[in-house]
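Order of the sequence lines fixes the chain letters, A, B, ..., with proteins taken first and strands second; residue numbering starts at 1 for each chain.
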Protein chains: 2
Amino acid sequence: MKLGSHKIISGNARVVRNVNRSVILNIIRDMEPVSRVQIAKLTGLNKSTVSSIVAALVADELIYEEESRHGNVGRNPISLRLKLGKHFVGAVNIDSARTILGIADIDGSFRDTISIATKCDEPERFVANCVTELSRLSDRLRVEHLEGIGVSVAGIVEPGSAKVTIAPNLGWEGFDIGKVLHERCGSDCVIHVDNDSKASALAELWFGKHGRTYSNFVFLSIGRGIGAGIVVEGKLLTGHYHASGEFGHITLFDGGNLCSCGNRGCWEEYASDRATIARYANLKHLNEAASRQISIQDVVDSALAGDEVSREVFAETGRFLGLGIANVIKAIDPEAIIIGGKITQVWHIIHQKMIEVVHQRTLFGKQKDVTIFPTSLPLRPELQGAAALVIKDLFSDYKIIL
Amino acid sequence: MKLGSHKIISGNARVVRNVNRSVILNIIRDMEPVSRVQIAKLTGLNKSTVSSIVAALVADELIYEEESRHGNVGRNPISLRLKLGKHFVGAVNIDSARTILGIADIDGSFRDTISIATKCDEPERFVANCVTELSRLSDRLRVEHLEGIGVSVAGIVEPGSAKVTIAPNLGWEGFDIGKVLHERCGSDCVIHVDNDSKASALAELWFGKHGRTYSNFVFLSIGRGIGAGIVVEGKLLTGHYHASGEFGHITLFDGGNLCSCGNRGCWEEYASDRATIARYANLKHLNEAASRQISIQDVVDSALAGDEVSREVFAETGRFLGLGIANVIKAIDPEAIIIGGKITQVWHIIHQKMIEVVHQRTLFGKQKDVTIFPTSLPLRPELQGAAALVIKDLFSDYKIIL
DNA sequence: TTAATAGTTGGTTGCTTTAACCAACTTATT
DNA sequence: AATAAGTTGGTTAAAGCAACCAACTATTAA
């Protein structure tokens, strides 16, 4: 155990209560509907303890009771469920082109979202404007109080101080986004800022189908670049400078294509959407002007329409993805790899080649079976992740670790 | 928080006591000498609570009181210190050529060690023999009771079931080492088995100078191959199949040298001791028979004696190390990289080139300053790590995580 | 067919236990 | 006298425990 650097958490009755409250709340979230007795069995807590904590959760309107019948002998259990429609959070995802804002319930479902153009050149004013849009949106939805605002940014973020360390695609560096937000929302407003890929991983963990099955996975976000969120034992791996999971800049080919990071042969240069588009443009013999007009969705659409060249291009993307994923597996040894991005629409095309390469490049028996699949999230994971940043805190997931 | 998969730890008075006991014990370990009041201030616990727990620790003979004077006004504090010479653990490090055994105190210092040849072809008998040697050693040292036995193995290990999944260099696969150990030591004997690089990381964390400073680091073990132990927030990152940190097999050069793992261009093939020896043999125009006789220590000695070729060879190793370390940094974003192995003897030769490459290949400002240094452990980290596996448990490092 | 009753599961109540907290106290020192 | 270190004895929060009530099904006897 390391000391000194951070806070030392010692135990007392209140901490115990918080831990147990958190454990119970998360069980309800994870397995609803569930009865008190079931919870007692799962946690090892006494029935009476569970009852007492459940009563508090009902009073806080985080859960509610529901009649139920099981048909077996004995009294029917009272089902406990998450209460929706009571607590809301604001979520903002800032990407280079567009920024999406929304109001989400505590199950990660969105009441509504809007999309605005990102104004990178005036960060303070732009972020202030985001707050205005959010409050307008919540007014429209008759949500009079937000538990907090979560922001995911396409760049490296220091969540503690709520500063954007560096966001090359936005042109931001050392931008104190937390300060602007607090100025607009009041200093007591709960604000959480983090990197978009990390937020996506969190979204998968909290709201995804897979996050409930796996607690050790890597979320790969394929877009302009390649970002990753690493989840280990249900916790996000932040990295000491909040820059873990920069797999996009791991070298695949020494001396290969020049990357924006200054090095050559980075994974991004071969498997990102930009790389896919470039290969497509090249094979289609498009001139530079024309190729700049192409979006990844165009290539996807073309592939889905049956165009051989596009399919070829995506198969190649699959191969490159596989090369990088093999490295991820060797480094982290996750239980699963979850992929997000537009290219998941052509999963059936990239999948085969990707698996093949991963299988060939990984080491041992079990590890070769690492499951790789597209995200199950219906919405932009980056936005849901922004919501998760705050909701996670509402559920205050305390843990006791052995 | 993820559920279902493992045990759900709920809180109660006993858990709180254990947490606080662990916190206090670790503070004493980390900062001795230290007084009760100091501990109370650090933890936020009440003085009386600290006193009560300290009394229990004294009764368990894990710590002792020592008179001290601070010269200031007021009563002098009573210094608390770890008590040595009372609790011992057995440690075994099994490597392809030789196996080292030792008896260690709870501060990780060894009473004595012995070295025997590893007999890979008869694993059961060999491990049984290790136990005999250990008990002979503890008899000689008049240690009548061992708190447990820790074993570090050059291969992938499943610590839960104490099985060696696969150890290519030993030729072991699916070997139930725990069973053999329990047969020889009794089923109630505490046994911990883990991978050698992971154990080394643990040794650095628990006994190294650096482990007290850093709680986010990667320990790179350079030997026949390259292994890694990843420490995140003071905890070892195991990986889902207990195979995290296989950076040695990350591809540096696509289509490069053939590696024993079946792939090409693995980091190991360029930066491991084997690779260094091969380059040395090549430059010295040695024939195959002669080059097989060379050990890394020979090359080290030659370099230390001022041989230009050897120095050249190590500088090149440094460059290759740098290439791989840059990848490690991008993946994990640690605060420090700690390197173990024979090559640390020529640190002054490899260091320069290594840093240069890392600096060139990593991404952003702060991250470029990741400190890289050789291990501070006086003994083989793998052996101290084996001891740490058990000692860690003695200190039962419970934590409450927010 | 009905009504009494045994058995079973879910949940609550009131008392006990544990261990942290608190405030007043003793001890030792300048 | 002032002050810091550590102890004591009582208080409090929360979990554990055991007995109980509640609600339901299955069985059986009139």
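With sequence neighbours left out, B:His242 forms a ring-ring contact (aromatic ring centres under 6.0 Å, His included) with no residue at all. Residues passing the side-chain contact (heavy atoms from CB on, under 4.5 Å) test with A:Val190 are A:His192, sequence neighbours excluded. Residues meeting the side-chain contact (heavy atoms from CB on, under 4.5 Å) test with B:Arg17, sequence neighbours left out: B:Ser52, B:Ile53. With sequence neighbours left out, B:Ser152 forms a side-chain contact (heavy atoms from CB on, under 4.5 Å) with B:Asn93, B:Asp196, B:Ala199, B:Glu382, B:Ala386. The ring-ring contact (aromatic ring centres under 6.0 Å, His included) test applied to A:His240 returns no partner, not counting sequence neighbours. A search for side chain to side chain donor-acceptor pair (under 3.5 Å) contacts involving A:His210 returns nothing, not counting sequence neighbours. By the side-chain contact (heavy atoms from CB on, under 4.5 Å) test, A:Lys41 is found to be paired with A:Val37, residues two or more places apart in sequence or in another chain being considered.
Sorted by residue number, the members of residues 32-49 of chain B with any non-hydrogen atom under 4.0 Å from DNA chain D read B:Ser35, B:Arg36, B:Val37, B:Lys47, B:Ser48. Near DNA chain D, meaning a heavy atom under 4.0 Å from it, residues 53-64 of chain A has no residue at all.
OP1 or OP2 of C:dA19 has not a single side-chain nitrogen or oxygen of A:Asn12 nearer than 4.0 Å. For B:Arg17, a side-chain nitrogen or oxygen approaches OP1 or OP2 of C:dA20 to under 4.0 Å.
When DNA chain D is scanned in the 5' to 3' direction for atoms under 4.0 Å from non-hydrogen atoms of chain B, the outermost contacting nucleotides are D:dT3 to D:dG16.
Inter-axis angle, ends of the helix from C:dT1-D:dA30 to C:dT30-D:dA1, five pairs per end, rounded to 10 degrees: 20°.
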Which pairs, protein N/O on one side and nucleotides 3-8 of chain C N/O on the other, fall under 3.5 Å?
none

